[in-house]
Amino acid sequence: MRIGFYQFSPAFGDIEKNLEMLRGSFAKELPHILVLPELAFTGYNFVNREEAIKYAEEIPGPLFEEIRSLSKEKGVAISTGFLERVGDNIYNSAVFVSPEGDYYVYRKVHLFYKEKEIFSPGDRLFVFEYRDAKIGMLICFDWIFPEAMRTLTLMGAEVILHHANLVLPFCQDAMITRSIENRVFIVTANRTGVEDRGGERYVFTGRSQVVAPGGKLLLRVGDEVTGVFSVDIDPDIAGDKNINRFNHLIMDRRQDIYRC
Ligand code: ACM
């Protein structure tokens with residue numbers, strides 16, 4: 001399986017322009033799964049909930065259908081951050097769309113900083129299958145809670161799609177640790193650029209990457225690079241949780257003494 005990410009700087013509030021940038025980034029050779037950053041079509045730094053709700057969309061809506069037809073046309077599964085509306089609530093979501101038209105929606109469980117004033121938190125982690133790989137999704141700040149990645153691992157995830165708008169400097173290295181702890185593949189699709197609005201200035205850190213089980217960095221790009229990058233992976237490798245002849249990552253846990 002070939003897996004990749006699109007690192008770029010979304011134009012704030014300009015869904016059409018961000019779609020154009022995505023279309024323009026497609027090379028002849030696309031991966032089977034392409035991961036985009038958090039809130040890739042709207043931007044991140046909303047001044048308040050009232051502003052954000054104007055850009056939010058129920059799924060399936062017009063932007064979702066654009067992504068679905070792009071996925072079908074190009075034969076690539078697209079997993080992207082998405083500003084989702086459900087009734088009066090808005091969620092910082094990620095939607096995975098396959099060329100066959102199937103889709104899965106994950107709602108960010110751990111909200112960061114002022115996101116707590118804007119979004120409702122998600123309440124579910126889940127794993128689904130695509131091309132025989134077991135896939136889990138996370139969004140940005142979910143990274144700082146090792147329980148999230150561990151839960152997806154215990155659910156059988158082999159590949160984690162991590163949609164990010166990272167502002168703290170630690171995550172890319174922490175994901176190497178998460179893949180050592182869980183023996184899973186992790187694709188972190190981060191964004192570049194700066195958003196300075198309403199008294200908050202965010203500098204996004206780029207350095208999108210793919211890490212293999214055991215912590216091997218397969219691919220990492222620079223902090224300002226734009227484009228689609230991809231690498232071949234074998235998701236089956238993530239099924240082997242043996243550390244050595246005596247130690248197993250899951251079986252050796254001491255749940256009798258842990259407090260979480
Ligand atoms: C973040 O969760 N976007 C930092």
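Bear in mind that the values here come from a model prediction, so they are computed numbers and not experimental data. Counting starts at 1 for both ligands and their atoms, in listed order. When a residue number appears, it is its place in the shown sequence, counting from 1.
Taking a cutoff of 4.0 Å between a charged side-chain nitrogen and a carboxylate oxygen, Arg220 and Asp173 qualify as a salt bridge.
A donor-acceptor pair under 3.5 Å is absent between the side-chain atoms of Asn182 and the main chain of Thr153, judged by distance alone.
Considering only heavy atoms from C-beta on, Gln172 comes within 4.5 Å of Thr205 through its side chain.
Phe141 has its ring centre no less than 6.0 Å from the ring centre of His110. Aromatic ring centres of Phe128 and Tyr104: separated by under 6.0 Å.
Protein residues having at least one heavy atom under 4.0 Å from any atom of ligand 1 are Glu38, Tyr44, Lys108, Phe112, Glu115, Cys140, Phe141, Asn165, listed by chain and number.
Judged by the 6.0 Å and 45° rule, Arg197 forms a cation-pi pair with Phe12.
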